[in-house]
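To start, the structure itself, in structure tokens.
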Number of protein chains: 2
Amino acid sequence: MPRSDQSQTAILGALSIMPMTGYALREEIRDTLGHFWSESFGQIYPALAELERNRLVERRQVEGSRSSTFSLTDAGIAHLRGLLAEAPQPSKPRNGLMLRLFFGAQLGPEACKQLVLDAREQAESTLTHMEAARSEVLHDPDLVQAAPYILLTITAGEHSARATIAWANEALAQLSDLETPRR
Amino acid sequence: MPRSDQSQTAILGALSIMPMTGYALREEIRDTLGHFWSESFGQIYPALAELERNRLVERRQVEGSRSSTFSLTDAGIAHLRGLLAEAPQPSKPRNGLMLRLFFGAQLGPEACKQLVLDAREQAESTLTHMEAARSEVLHDPDLVQAAPYILLTITAGEHSARATIAWANEALAQLSDLETPRR
DNA sequence: CCACACATGTAATATGTTACATGATTTA
DNA sequence: TAAATCATGTAACATATTACATGTGTGG
């Protein structure tokens, strides 16, 4: 089985919400699933080609245009449900921030503080995006079916971002103590 | 520059805390950094070989044994500091749980609930591990220098796990509402 | 002396990103 | 009409996992 099942899941899933081109697929995945998923061009087109070979998606040429819209076949929907039912394969974590803090003794408190500040800022920006996403989801008529589930992922993002902010504040306090050793 | 800088950072960092064999390196990374980092055998040995070629680590053969201990050279410490100072490269997220929930309409509330239950259980287990790790770090004499920084990463893990648990409880309530549509 | 953990490494494979090539369509 | 965006795809490269090959030391 070439092409990761997980990429197929994301692609079939996105097409289950609405048919679209490969290009749009990448934009949707980046903009909508971006906080917890990513696919690159180099994966999307070959994966689409294979899904087409297996009759799981259908390409519909737009009249007088080179671009084509992909949509799920019945077999594609069945396949998607099968993939979703499989246990999520745990992704190998690679958190560059934590790696740096872990060896922070080599870096010094100042640089660590800056890393934590950056992380906090990013979490705050995530929080803003999540709020915007929530109202988009609630107002998009294409998403009435999917909305309750999508909202779960948005809530997860918010919880995670708030946890990061709370942790960052604690961490900054700790780092300040390290900076000025008691005299 | 072959071999990701990030792998080198993890390896040099681990060796900065204490010299060890390649085998031990993998065990340490799995057991100690496991919650936010991973390296596999296939990366560690080639990376060590290259670090050795660049005189960033030194191999010391143990008397009458085939195994050897790697330790940092002065250039290695300098290199490590340089790597740590670089901005963490954001890892492409791939959260299988969120992917499944996002398309949960295809899966149904029951299966989604099970996924969330599993996630909560895992977070609870993480919380237990973090507690154990904290007391280990506080009692290991090799870690006196590094401890304050390592504790930051443990605290981060705890915040994140607690956020997951809180979210899971909310999500389960939402999913129950979906299961029994009002009549 | 057998099984298991320690130890080093390579090869095959899988996965994923980036840069490039190409051209159509839209918008300023 | 020039520039930006949309659109499809490939090739080269980078990265990472898994299985395998090989052998040593140690405890039951």
Side-chain angles (χ1 to χ4, degrees), chain A residues 1-11 14-15 19-31 33-34 37-53 57-71 89-96 99, chain B residues 1-11 14-15 19-31 33-34 36-53 57-71 83 89-96 99:
Chain A
M1 69 202 73
R3 293 294 137 215
S4 120
D5 286 347
Q6 301 243 108
S7 291
Q8 290 201 0
T9 309
I11 290 171
L15 294 178
M20 61 186 104
T21 66
Y23 187 87
L25 213 36
R26 181 260 208 153
E27 302 233 303
E28 277 303 311
I29 289 175
R30 190 193 52 201
D31 299 342
L33 304 179
W37 201 260
S38 75
E39 297 288 346
S40 67
F41 265 140
Q43 290 167 273
I44 288 176
Y45 283 111
L48 273 175
E50 196 195 324
L51 289 169
E52 195 186 12
R53 271 200 304 283
V57 305
E58 251 175 17
R59 179 190 305 245
R60 225 168 298 165
Q61 203 81 16
V62 176
E63 289 287 314
S65 158
R66 250 175 15 97
S67 73
S68 39
T69 295
F70 293 88
S71 55
Q89 48 190 91
S91 70
K92 315 273 148 151
R94 289 209 130 195
N95 186 327
L99 187 68
Chain B
M1 66 202 77
R3 293 294 136 216
S4 122
D5 287 349
Q6 301 244 108
S7 291
Q8 290 202 358
T9 309
I11 290 171
L15 293 178
M20 61 186 105
T21 67
Y23 187 87
L25 213 37
R26 180 259 207 153
E27 302 232 305
E28 278 303 312
I29 289 175
R30 190 192 53 200
D31 298 343
L33 304 179
F36 53 82
W37 203 260
S38 75
E39 298 288 346
S40 67
F41 266 140
Q43 289 167 273
I44 287 176
Y45 283 112
L48 272 175
E50 195 195 324
L51 289 169
E52 195 185 13
R53 271 200 305 284
V57 304
E58 251 174 16
R59 179 191 304 245
R60 225 168 298 165
Q61 204 81 15
V62 175
E63 289 288 314
S65 158
R66 250 175 15 96
S67 74
S68 38
T69 295
F70 293 89
S71 56
L83 288 175
Q89 47 191 91
S91 70
K92 314 273 148 151
R94 290 210 128 194
N95 186 326
L99 187 67

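A, B, ... follow the sequence lines: proteins, then strands. Residue 1 opens every chain.
Between the CD1 atom of B/Ile44 and the P atom of D/dT18 there is a distance of 13 Å, rounded to whole Å. One atom, CD of B/Gln43, and another, C1' of C/dG16, lie 13 Å apart when rounded to the nearest Å. When the C1' atom of C/dT15 is taken as reference, atom CD of A/Gln8 falls 14 Å away, rounded to whole Å. Summarising the geometry, the separation between CD on B/Glu28 and P on C/dC6 is reported as 12 Å, rounded to the nearest angstrom. In this entry the distance linking NZ of A/Lys92 with C1' of C/dT15 reads 13 Å, nearest Å. A straight line from CD of B/Gln89 to C1' of D/dA14 spans 12 Å, rounded to a whole angstrom. Atom P of nucleotide D/dA16 and atom CD of A/Gln6 are separated by 17 Å, given to the nearest angstrom. We find that CZ of A/Arg30 is positioned 19 Å from P of C/dG16, with the value rounded to whole Å.
Every residue two or more places apart in sequence or in another chain was checked for a ring pair (Phe, Tyr, Trp, His ring centres under 6.0 Å) with A/Tyr23, and none qualifies. Residues satisfying the side-chain hydrogen bond (donor to acceptor under 3.5 Å, both in side chains) test with A/Glu52, not counting sequence neighbours, are A/Arg59. For A/Arg60, the side-chain hydrogen bond (donor to acceptor under 3.5 Å, both in side chains) partners at least two apart in sequence or on another chain are A/Ser71. Taking the side-chain hydrogen bond (donor to acceptor under 3.5 Å, both in side chains) definition, one finds that B/Ser68 meets it with nothing, sequence neighbours left out.
Nearest heavy atoms, B/Phe41 versus B/Pro46: O-CD, 4.1 Å. Across all non-hydrogen atoms, the minimal contact from B/Ser7 to A/Arg94 is OG-NH2, 3.2 Å.
Direction of the helix axis in the helix from C/dC1-D/dG28 to C/dA28-D/dT1 shifts by 30° between the two five-pair termini, rounded to 10°.
Looking only at side-chain heavy atoms (C-beta outward), A/Leu48 and A/Leu25 come within less than 4.5 Å of each other. Between B/Met20 and B/Leu15, the closest side-chain pair of non-hydrogen atoms falls below 4.5 Å.
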Expected rows: protein N/O vs nucleotides 5-7 of chain D N/O, under 3.5 Å:
from, atom 1, to, atom 2, distance (Å)
D/dC6, OP2, A/Tyr23, OH, 3.2

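In this structure a side-chain-to-backbone donor-acceptor pair under 3.5 Å is present from B/Gln43 to B/Ser40.
Contact between the side-chain N/O atoms of A/Arg94 and the OP1/OP2 oxygens of D/dT15 is not found at any separation under 4.0 Å.
In this structure, B/Arg59 reaches the sugar-phosphate backbone alone: every heavy-atom distance under 4.0 Å involves primed, P, OP1 or OP2 atoms, never a base.
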